[in-house]
Amino acid sequence: MAIDKIQSESINLADNFAFTGTVTGAGENNTPLFRAYAGSNWNSANGATSTIPFNSESFDPQNKFNTSTYKFTPGEAGKYFFYANIKMSSSGDQDLFEMYVKKNNDTVASITQRGSGTASLSLEISNIIDSDDNDEFYIQMYQSSGGSITNYGGHNISYFTGFKISS
């Protein structure tokens with residue numbers, strides 16, 4: 001006799017089970033996925049918006065992130081989770097920093113922060129965004145500090161990551 005319905009009271013979810021058939025719908029794939037980072041320090045001009053040069057990769061198994069254009073093109077539609085962090089120099093409390101998640105040429109998420117009066121600060125942003133297969137995602141920043149600033153590169157310092165969470 002086959003069991004076609006299991007009630008939660010009749011099964012201990014902490015137990016291990018050996019299945020002889022095919023189990024579907026268990027777990028997730030979360031691909032495509034990537035993690036790119038700025039391989040070295042770079043400068044940002046005062047009053048200018050620029051694309052962050054994420055020119056190195058920690059991982060990109062589906063080869064969907066372009067380290068020359070600094071853009072992620074998923075190749076399949078769905079909802080994607082994105083996260084970015086950048087670290088930069090700051091000298092005054094009135095310094096203005098903004099970071100944007102761009103989808104094609106549209107801003108789909110942004111954050112603004114004033115300088116902290118310390119030698120450096122970090123901006124971080126995350127969002128869940130709908131995507132078509134050919135959308136391009138990238139990170140831009142704007143700074144208004146009165147002069148050029150140094151942005152810090154490195155594997156765990158300035159990076160951009162994303163992965164598919166659902167169709």
Side-chain angles (χ1 to χ4, degrees), residues 28-167:
E28 295 194 25
N29 190 348
N30 296 116
T31 59
L33 71 148
F34 73 96
R35 186 178 188 278
Y37 63 95
S40 60
N41 294 354
W42 75 99
N43 292 324
S44 295
N46 182 58
T49 300
S50 59
T51 299
I52 307 299
F54 295 114
N55 56 8
S56 300
E57 294 176 324
S58 302
F59 55 83
D60 182 15
Q62 294 78 34
N63 198 29
K64 300 296 183 178
F65 188 85
N66 186 322
T67 56
S68 298
T69 63
Y70 321 127
K71 295 179 180 180
F72 170 72
T73 307
E76 56 186 83
K79 291 188 184 306
Y80 288 79
F81 174 81
F82 294 104
Y83 175 86
N85 183 79
I86 56 175
K87 184 175 181 180
M88 66 211 66
S89 61
S90 172
S91 59
D93 292 337
Q94 296 307 308
D95 294 355
L96 176 67
F97 302 96
E98 297 177 346
M99 184 166 51
Y100 317 102
V101 177
K102 303 292 271 192
K103 175 182 171 182
N104 304 317
N105 292 317
D106 297 325
T107 300
V108 292
S110 65
I111 185 169
T112 301
Q113 184 172 331
R114 289 280 179 192
S116 60
T118 61
S120 67
L121 62 87
S122 289
L123 283 178
E124 58 186 315
I125 193 167
S126 63
N127 204 347
I128 295 171
I129 303 168
D130 285 316
S131 176
D132 291 332
D133 61 343
N134 61 349
D135 286 330
E136 293 183 317
F137 295 91
Y138 55 102
I139 306 296
Q140 288 190 321
M141 70 169 285
Y142 169 85
Q143 69 92 5
S144 176
S145 65
S148 180
I149 64 163
T150 300
N151 302 285
Y152 302 106
H155 179 71
N156 291 319
I157 298 173
S158 292
Y159 54 92
F160 177 30
T161 190
F163 55 90
K164 185 175 182 180
I165 58 173
S166 71
S167 298

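Distance check: F163 CZ to F59 CZ gives 9.0 Å after rounding to the nearest 0.5 Å. Atom CG of N29 is separated from atom NZ of K164 by 8.5 Å, given to the nearest 0.5 angstrom. A distance of 6.0 Å separates CD1 of I52 from CG of N151, quoted to the nearest 0.5 Å. Between the OH atom of Y70 and the CZ atom of F54 there is a distance of 10.5 Å, given to the nearest 0.5 Å. Expressed to the nearest 0.5 Å, how far CE of M88 lies from CH2 of W42 amounts to 7.5 Å.
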- Do S44 and M141 pass the side chain to side chain contact (heavy atoms under 4.5 Å, CB included) test, and can you show the C-alpha distance, the side-chain angles, and the key distance before you say yes or no? CA-CA 9 Å; S44 295; M141 70 169 285; 3.7 Å; yes
- Please test V108 against I129 for side chain to side chain contact (heavy atoms under 4.5 Å, CB included), starting from the C-alpha separation and ending with a verdict. CA-CA 8 Å; V108 292; I129 303 168; 3.3 Å; yes
- Show your working on side chain to side chain contact (heavy atoms under 4.5 Å, CB included) between I86 and F97 and close with a plain yes or no. CA-CA 11 Å; I86 56 175; F97 302 96; over 6 Å; no
- Criterion side chain to side chain contact (heavy atoms under 4.5 Å, CB included) on R35 and H155, from CA distance to verdict: CA-CA 10 Å; R35 186 178 188 278; H155 179 71; 3.4 Å; yes
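Between T73 and D135, every side-chain heavy-atom pair lies at or beyond the 4.5 Å cut-off. Between I149 and S90, the closest side-chain pair of non-hydrogen atoms is not below 4.5 Å. For the pair Q143 and L96, the minimum side-chain heavy-atom distance is 4.5 Å or more. Here the side chains of Q62 and L33 are in contact, with some heavy-atom distance below 4.5 Å.
For D132 (side chain) and N134 (main-chain N/O), no donor-acceptor pair under 3.5 Å exists by modelled atom type. Without hydrogens or angle criteria, T150 side chain to S89 main chain gives no donor-acceptor distance under 3.5 Å. No donor-acceptor distance shorter than 3.5 angstrom exists from the side chain of N85 to the backbone of Y159, with no hydrogens or angles considered.
Counting all heavy atoms, side chain and backbone alike, K64 lies closest to P32 at CG-CB, 3.9 Å. Taking every heavy atom of both residues into account, N55 and G39 meet most closely at OD1-N, 2.8 Å. N30 approaches I165 most closely through the heavy-atom pair ND2-CA, 3.7 Å. Of all non-hydrogen atoms in S110 and Y100, the two that sit nearest each other are CB-CD2, 3.7 Å. Closest non-hydrogen pair, I125 versus M99, comes out as CG2-CE, 3.5 Å. Scanning both residues, I157 and Y152, for their nearest heavy atoms gives CG2-O, 3.5 Å.
Relative orientation of the F34 and F82 rings is tilted, given thresholds of 30° and 60° on the angle between their planes. Between F65 and F160, the ring planes lie perpendicular to each other; the angle is over 60°, past the 30° to 60° tilted range.
Between the side chains of Y138 and E136, no donor-acceptor pair of N or O atoms lies under 3.5 Å. In the model, S131 has no side-chain atom that pairs as donor or acceptor with a side-chain atom of K79 under 3.5 Å.
Around the NZ atom of K87, the shell of radius 6.0 Å holds no more than 12 heavy atoms that belong to other residues, nucleotides or ligands.
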